[in-house]
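Below: one structure, written as structure tokens.
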Amino acid sequence: MQELADKIDLLKKEIENVTLQSETEIEEYRIRFLGSKGLVKQLMSEMKHVSSDLKKDFGARLNEFKLFAESKYEDYKSSKGTSQNNAGKKPKESSADLTLPGYPAEVGSRHPIQLTMNKMISIFEKIGFSVAEGPEIEDDWHNFTALNLPEDHPARDMQDTFYISKNPDWLLRTHTSSVQVRVMKEGKLPIRQIFPGRVYRNETISARAHCVFHQIEGLYIDEKVSFADLKQTLYYFVKEMFGGDVKVRFRPSYFPFTEPSAEMDVSCFICDSKGCNVCKHTGWVEILGCGMVHPNVLSNCGIDAEKYTGFAWGMGVERTTMMQYGIKDIRLLSENDTRFLAQFKSVV
Ligand code: DAH
């Protein structure tokens, strides 16, 4: 027994003094001490020769030795040869020059759509409009019926709709006008809000059209709101957005949710109204639809149409963005090509 105890002490010393530098040395250590025919196993097999009164004491020593041998191995394995025994050694020379300046962090850029939306929003905020948002997955009532478009109304065909197959009452909103309905239903008057957001239409994608795009809708409801208020609000917007030289015209139009309705054009500043692809050689570009909120819409949303009047408008963000930055293909706005997006780094 003494012999065995001395052997354990000796091996312990050996392990204490060992320095393993390479993966091969670590592996050799494992095989010598911890392998299936290694020293720990050999000592274990000696147990059967130990008399039963000493078994407990010897077993404890042996176990302690086994844990010691294992922990040494684990240390080396995790630090690949730089355990305590190497602590005093000089670390290998690194090839990295730590005095060199770091790589500059790449700064992202705002998306041109967001830049245009931010500009539009801040223009309306200056005259007291606040921002509200609504869901992109809508139900039929908020997107159509409440807006004076009951089922089977032919004007539903003006907007090709993506329906959700699981439940045909759900759809991807075709316009942000659905948020008007939600705000009116809340019933807090007067309302002076804008609703920016993404909308969806089942349209063929081309350089001029996309099935996903953005709108900013506006709504103003109070007592005695008139068409003159609508015109002044939108004149102000155009002046701030495009500059004082841009001309504006209103054309009568039809929307089921407004009466009377109009579309507003601005003079094409790409070609100075001389005629180009953007204005389809007319000198004018349509930027929004608008009108006085239809009394049916007010009543559908629980507002007293005898007491209150209001105006609303909805405008596309993509076309304005394309005009502002001279972008010729709408698809560029959703392809996330960083070569395109990086051009907007300097714009805030
Ligand atoms: N919702 C219309 C569309 O997407 C745009 C619009 C027209 C909104 C007139 C309005 C409005 O609020 O008054 O085509």
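Residues: numbered from 1 along the sequence shown. Whatever order the structure lists them in is the order used to number ligands and atoms, beginning at 1. Scope of the values below: all heavy atoms of this structure, side chains included, with no hydrogens, waters or symmetry mates.
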If we number the atoms of ligand 1 from 1 as shown, the ones under 4.0 Å from a heavy atom of Gly291 are 13 (O)
Relative to the heavy atoms of Gly314, which atoms of ligand 1 are at a distance of less than 4.0 Å? 6 (C), 8 (C), 10 (C), 12 (O)
Any atoms of ligand 1 less than 4.0 Å from a non-hydrogen atom of Gln159? List them with their elements. 3 (C), 4 (O), 14 (O)
Give a yes or no on whether the backbone of Leu54 and the side-chain of Asp57 come within a donor-acceptor separation of less than 3.5 Å. no
So for atom NZ, which belongs to Lys328, do other residues, nucleotides or ligands contribute more than 12 heavy atoms lying within a distance under 6.0 Å? no
Please confirm whether Phe311 approaches ligand 1 to less than 4.0 Å, judged on its heavy atoms. no
Asp139 side-chain N/O to His142 backbone N/O, donor-acceptor pair under 3.5 Å: yes
Run the numbers on Glu138 and Arg182 for salt bridge (Lys or Arg N to Asp or Glu O under 4.0 Å), then give the verdict. CA-CA 11 Å; Glu138 254 310 354; Arg182 291 186 173 270; 2.7 Å; yes
With respect to Thr174, determine whether any N or O atom, backbone or side chain, lies less than 3.5 Å from an N or O atom of ligand 1. no
Measuring from the heavy atoms of Gln215, does anything fall under 4.0 Å of ligand 1? yes
Residue Gln180 vicinity, atoms of ligand 1 by number, heavy atom under 4.0 Å: 12 (O)
Indicate yes or no for a side-chain donor-acceptor contact from Arg198 to the backbone of Arg173 under 3.5 Å, with no hydrogens or angles considered. no
Numbering the atoms of ligand 1 from 1, which are under 4.0 Å from a heavy atom of Ser177? 1 (N), 8 (C)
Atoms in ligand 1 with a heavy atom of Phe257 nearer than 4.0 Å: 1 (N), 2 (C), 6 (C), 7 (C), 8 (C), 9 (C), 10 (C), 11 (C)
Decide, yes or no, whether a salt bridge links Lys345 with Glu106 under the criterion of side-chain N to carboxylate O below 4.0 Å. yes
Within less than 4.0 angstrom of ligand 1, does Met292 place any heavy atom? no
For atom 12 (O) of ligand 1, grab the closest protein heavy atom and report residue, atom and distance to one decimal in Å. Glu217 OE2, 2.5 Å
Give the contacting part of Ala312 toward ligand 1: side chain, backbone, both or neither, where contact means a heavy-atom distance below 4.0 Å. both
Using modelled atom types only, decide if a donor and an acceptor are shared between the side chain of Thr161 and the backbone of Tyr163 within a distance under 3.5 Å. no
Do Ser109 side-chain atoms and Val107 backbone N/O form a donor-acceptor pair below 3.5 Å? no
Under 6.0 Å between the ring centres of His175 and Phe255? no
Return the option from His294, Arg201, Glu263, Met315 holding the heavy atom at the smallest distance from atom 14 (O) of ligand 1. Arg201
Per-atom contacts, ligand 1 versus Thr258 - under 4.0 Å to a heavy atom: 13 (O)
Within a distance under 4.0 Å of any heavy atom of Phe255, pick out the atoms of ligand 1 and give their elements. 7 (C), 9 (C)
Assess the pair Phe237 and Phe124: is the distance between their ring centroids shorter than 6.0 Å? yes
